[in-house]
**Student:** 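First the structure, which I've put down as structure tokens, then a few questions once you've had a look.
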Amino acid sequence: MTYLVTGGAGFIGANFVKYLLKKHPDIQIVVLDDLTYAGNLGTIKEDLKDPRLTFVKGDIKDRKVVTEIFEKYPINYVVNFAAESHVDRSIENPQVFLETNILGTQNLLDVAKKYWTTGKDAHGYPTYKNGVKYLQVSTDEVYGSLGATGYFTETTPLDPRSPYSASKTGADLIVKAYGETYKMPVNITRCSNNYGPYHFPEKLIPLIIKNILEGKQLPVYGDGSNVRDWLYVEDHCKAIDAVVLQGKVGEVYNVGGHNEKKNIEIVKLTISTIKRLLEETPAYRKALKKTGDDISWINESLITYVTDRLGHDQRYAIDPTKITNELGWYPETRFEDGIVKTIRWYLENQDWVKEVTSGDYQKYYEQMYGNR
Ligand code: NAD
Ligand code: TYD
């Protein structure tokens with residue numbers, strides 16, 4: 001089987017590529033990624049030595065590039081991770097979110113439809129090659145924000161509130177439209193907040209880890225009471241693999257961890273875990289910017305409450321019953337274990353962090369957070 005994985009040099013896409021290569025011996029993967037600030041070829045550098053993996057640099061909106069891929073490779077599955085993915089950036093500059101997330105998705109669908117169509121049925125609907133599917137990687141943020149109780153299910157009305165989530169909702173609706181209007185074999189997955197290796201340090205968990213190691217303050221928006229449902233990235237990859245191969249055509253699947261935590265809890269747990277790991281394994285201290293044996297400064301006094309995000313969604317929580325019942329998927333990694341694995345990975349992979357933050361990152365950080 002041949003997969004087109006877009007956004008495969010980003011956080012979840014790269015983890016998915018690594019997962020597929022391990023899991024499926026007979027696979028061919030083409031990664032299409034435009035290597036924006038969030039994409040880094042270094043993340044899949046080792047994987048690219050594998051003859052089963054091919055990299056194409058290009059924009060998902062670019063008709064010519066996507067067409068060339070379909071001309072050259074017998075694509076069975078498209079898994080679309082490519083997106084502008086950070087809410088804070090969408091508040092500053094919404095337009096690129098609409099362009100990439102909506103128009104890029106439509107371009108992929110359109111080229112896939114063209115290459116996968118085999119003819120027409122008696123009602124005039126296109127018919128498709130066997131064994132092809134388009135999977136859109138979406139987010140729970142399309143459902144909006146929850147109060148203190150309740151969960152998002154697949155039938156929760158779409159109610160996005162940020163430019164990012166509005167653009168992801170637009171993309172979901174165009175995927176649905178291709179499914180209904182042209183009977184294209186599509187699925188949509190909507191997952192909660194991922195965490196794990198290769199997470200770009202503009203998102204909460206990797207940003208907090210990076211700041212602790214640099215002895216910087218830890219910016220918590222508002223009062224830190226916002227709740228996210230954290231999912232270990234490898235569990236998410238397993239869910240996508242299951243939906244590509246066994247998901248019922250046309251269906252939406254929510255993917256979540258039943259693992260709700262307040263932001264402030266995440267930040268405190270990250271501080272105490274880093275400190276413990278540095279105490280247990282002194283060799284990890286080389287990841288610290290400050291030298292010396294004293295690490296007593298790693299404590300909750302690093303936390304700084306900063307101005308809240310505009311329109312900050314209060315709570316996300318997913319009910320994953322459908323994917324569990326239909327496909328047998330469940331989140332295997334307990335948060336307590338996943339966060340330790342994640343922090344260890346960052347302690348052991350500071351070169352990666354330096355590489356991905358060597359470009360515009362500093363400028364972005366100063367604009368967002370000032371010179372803390
Ligand atoms: P990311 O920002 O780490 O990576 C996005 C990747 O897409 C990068 O490699 C980037 O170079 C590439 N890209 C961006 N614009 C492109 C374009 N026009 N053409 C080609 N490539 C382009 O994002 P992520 O966290 O890995 O998220 C992947 C997907 O999962 C996104 O669709 C996101 O909306 C969704 N999602 C993420 C989370 C999360 O917690 N990270 C949660 C729910 C849903
Ligand atoms: P983030 O990782 O940006 O994911 P999302 O906004 O898609 O859920 O943020 C997770 C939560 O952490 C969110 O409630 C905003 C908050 N947050 C902070 O408090 N400080 C920060 O510096 C960042 C980046 C996020």
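All values below were derived from every heavy atom in this structure, side-chain atoms included, with hydrogens, water molecules and symmetry-related copies excluded. Here, residue 1 is the first one in the sequence, and each next residue gets the next number. One-based numbering, in listed order, for ligands and for the atoms of each. Note that the structure is predicted; figures quoted are calculated from it, not measured.
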**Student:** For K183, is the NZ atom crowded, meaning more than 12 foreign heavy atoms sit under 6.0 Å from it?
**Tutor:**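 Result for NZ/K183: enclosed.
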**Student:** Do Y134 and L109 have side chains that get closer than 4.5 Å, going by heavy atoms?
**Tutor:**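 They are in contact (side-chain heavy atoms under 4.5 Å apart), so the answer is yes.
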**Student:** Report yes or no: is the cationic atom of K216 (NZ for Lys, CZ for Arg) under 6.0 Å from the centre of the six-membered ring of Y365, at an angle within 45° of the ring normal?
**Tutor:**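 Yes - K216 lies over the ring of Y365, closer than 6.0 Å to its centre and within 45° of its axis.
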**Student:** Give the protein residues with at least one non-hydrogen atom closer than 4.0 Å to an atom of ligand 2, ordered by chain and number.
**Tutor:**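 Correct list: H86, V87, E141, N193, E202, K203, L204, L207, P219, V220, Y221, N226, R228, N263, R309, H312, Y316, Y369.
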**Student:** Closer than 4.0 Å to some heavy atom of T139 - which atoms of ligand 1 meet that?
**Tutor:**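 By the 4.0 Å cutoff, the relevant atoms are 43 (C), 44 (C).
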**Student:** If we set the cut-off at 4.0 Å for heavy atoms, which region of S192 has an atom near ligand 1: side chain, backbone, both, or neither?
**Tutor:**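 For S192, the contact with ligand 1 is made by the backbone alone.
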**Student:** For atom 28 (C) of ligand 1, which protein heavy atom lies nearest, and how many Å away is it?
**Tutor:**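 Ranked first by proximity to atom 28 (C) of ligand 1 is F81 O, 3.4 Å.
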**Student:** Under 4.0 Å, heavy atoms only, figure out whether ligand 1 is touched by the backbone of K168, its side chain, both or neither.
**Tutor:**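 Only the side chain of K168 comes within reach of ligand 1.
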**Student:** Given V137, N80, I205, D59, which one has a non-hydrogen atom that is nearest to atom 18 (N) of ligand 1?
**Tutor:**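 Looking at heavy atoms only, D59 sits closest to atom 18 (N) of ligand 1.
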**Student:** Work out whether the distance between some heavy atom of A14 and some atom of ligand 1 is less than 4.0 Å.
**Tutor:**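 No heavy atom of A14 comes that close to ligand 1.
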**Student:** Any idea which protein heavy atom is nearest atom 4 (O) of ligand 1, and the distance to it?
**Tutor:**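 Here the nearest protein heavy atom works out to G10 CA, 3.5 Å.
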**Student:** Among all protein heavy atoms in this structure, tell me which lies nearest to atom 21 (N) of ligand 1, with the distance rounded to 0.1 Å.
**Tutor:**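 Of every protein heavy atom, D34 N, 3.0 Å lies nearest to atom 21 (N) of ligand 1.
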**Student:** Is a donor from one side chain sitting under 3.5 angstrom from an acceptor on the other, for Y178 and D110?
**Tutor:**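 Yes, side-chain donor-acceptor contact under 3.5 Å.
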**Student:** Go through ligand 1 atom by atom and flag the ones less than 4.0 Å from a non-hydrogen atom of G58.
**Tutor:**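 So the answer, numbered in order with elements, is 19 (N), 20 (C).
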**Student:** May I ask you to check if K261 and W230 form a cation-pi contact, with NZ or CZ under 6.0 angstrom from the six-membered ring centre and within 45° of the axis?
**Tutor:**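 Verdict for W230: no cation-pi partner in K261.
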**Student:** Under a 4.0 angstrom heavy-atom cut-off, which atoms of ligand 1 come close to N193?
**Tutor:**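 The atoms of ligand 1 under 4.0 Å from a heavy atom of N193 are 40 (O).
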**Student:** Is any side-chain heavy atom of D47 closer than 4.5 Å to one of L21?
**Tutor:**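 Side-chain contact under 4.5 Å: yes.
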**Student:** Against Y198, only a single residue in F16, Y346, W345, F11 fulfils ring pair (Phe, Tyr, Trp, His ring centres under 6.0 Å); can you say which?
**Tutor:**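 The residue from F16, Y346, W345, F11 that satisfies ring pair (Phe, Tyr, Trp, His ring centres under 6.0 Å) with Y198 turns out to be W345.
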**Student:** Any nitrogen or oxygen of N194, main chain or side chain, under 3.5 Å from a nitrogen or oxygen of ligand 1?
**Tutor:**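 By distance alone, the answer is yes.
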**Student:** Starting from atom 3 (O) of ligand 1, what is the nearest protein heavy atom, named by residue and atom, and what distance separates them?
**Tutor:**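 I find the closest protein heavy atom is F11 N, 3.1 Å.
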**Student:** Report yes or no: is the cationic atom of R309 (NZ for Lys, CZ for Arg) closer than 6.0 Å to the six-membered ring centre of Y221, at no more than 45° off its axis?
**Tutor:**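 The answer is no, since R309 fails at least one limit relative to Y221.
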**Student:** Please report the shortest heavy-atom distance between W329 and T324, naming the atom on each side.
**Tutor:**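 Shortest heavy-atom separation between W329 and T324 comes out as O-OG1, 2.8 Å.
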**Student:** Could you see which bit of Y164 sits under 4.0 Å from ligand 1, with heavy atoms only: side chain, backbone, both or neither?
**Tutor:**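 Looking at Y164 and ligand 1, just side chain atoms fall under 4.0 Å.
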**Student:** Side chain, backbone, both or neither: which part of L35 comes within less than 4.0 Å of ligand 1 when only heavy atoms are counted?
**Tutor:**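 Backbone only; the side chain of L35 stays clear of ligand 1.
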**Student:** Please determine whether side chain to side chain contact (heavy atoms under 4.5 Å, CB included) holds for the pair L98 and L103, giving the CA-CA distance in whole Å, both sets of side-chain angles, and the decisive distance to 0.1 Å.
**Tutor:** CA-CA 7 Å; L98 273 64; L103 296 179; over 6 Å; no
**Student:** Hey, which of T153, N254, T156, T169 is the one that makes side-chain hydrogen bond (donor to acceptor under 3.5 Å, both in side chains) with Y143?
**Tutor:**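 Single pass found, and it is N254.
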**Student:** Report yes or no: do T67 and K114 form a side-chain donor-acceptor pair below 3.5 Å?
**Tutor:**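 There is no such pair between these side chains.
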**Student:** Do K322 and Y253 meet the cation-pi criteria used here (NZ or CZ under 6.0 Å from the six-membered ring centre, within 45° of the axis)?
**Tutor:**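 The answer is yes; both the distance and angle limits are met.
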**Student:** Would you please determine whether G104 falls within less than 4.0 Å of ligand 1 on a heavy-atom basis?
**Tutor:**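 The answer is no, since G104 has no heavy atom less than 4.0 Å from ligand 1.
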**Student:** Give me the nearest non-hydrogen protein atom to atom 19 (N) of ligand 1 as residue plus atom name, then the distance to 0.1 Å.
**Tutor:**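 Heavy-atom neighbour on the protein nearest atom 19 (N) of ligand 1: I60 N, 3.0 Å.
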**Student:** When the aromatic ring centroids of Y37 and F200 are compared, is their separation below 6.0 Å?
**Tutor:**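 Yes, the ring of Y37 comes within the 6.0 Å limit of the ring of F200, centre to centre.
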**Student:** Is the contact between T100 and ligand 1 made by the side chain, the backbone, both, or neither, using heavy atoms and a 4.0 Å cut-off?
**Tutor:**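 T100 to ligand 1: side-chain contact only, backbone stays beyond 4.0 Å.
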**Student:** Please write down residue, atom name and distance for the protein heavy atom closest to atom 37 (C) of ligand 1.
**Tutor:**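 In this structure, atom 37 (C) of ligand 1 has I12 CD1, 3.5 Å as its nearest protein heavy atom.
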**Student:** Counting non-hydrogen protein atoms only, what is the nearest one to atom 11 (O) of ligand 1? Give residue, atom name and distance.
**Tutor:**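 Looking at atom 11 (O) of ligand 1, the protein heavy atom closest to it is D33 OD1, 2.6 Å.
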**Student:** Nearest to atom 5 (C) of ligand 1 by heavy atom, A83, S85, G7, A82: which?
**Tutor:**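 Nearest heavy atom to atom 5 (C) of ligand 1 lies in A83.
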**Student:** Can you list the atoms of ligand 1 that are under 4.0 Å from a heavy atom of A9?
**Tutor:**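 Once the distances to A9 are compared, the set is 9 (O).
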**Student:** How far is atom 43 (C) of ligand 1 from its nearest protein heavy atom, and which residue and atom is that?
**Tutor:**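 Going by distance alone, atom 43 (C) of ligand 1 is nearest to C191 SG, 3.1 Å.
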**Student:** Do D313 and V87 touch side chain to side chain, with heavy atoms closer than 4.5 Å?
**Tutor:**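 SC-SC contact between D313 and V87 ruled out.
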**Student:** Quiz question: by atom type and distance under 3.5 Å, do the side chains of D241 and H24 form a donor-acceptor pair?
**Tutor:**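 Yes, because at least one side-chain N or O of D241 sits under 3.5 Å from a partner of the opposite role on H24.
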**Student:** Counting both backbone and side chain atoms, is some N or O of H199 under 3.5 Å from an N or O of ligand 1?
**Tutor:**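 So ligand 1 has no N or O lying under 3.5 Å from an N or O of H199.
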**Student:** By number and element, which atoms of ligand 1 are closer than 4.0 Å to a non-hydrogen atom of S138?
**Tutor:**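 Those of ligand 1 that fall under 4.0 Å from S138 are 43 (C), 44 (C).
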**Student:** Between L347, L213, I274, which is the residue that forms a side chain to side chain contact (heavy atoms under 4.5 Å, CB included) with L288?
**Tutor:**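 Among the candidates, only L213 passes.
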**Student:** Think R161 forms a cation-pi with Y316, using NZ or CZ under 6.0 Å from the six-ring centre and within 45 degrees of its axis?
**Tutor:**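 Ring-cation test returns no.
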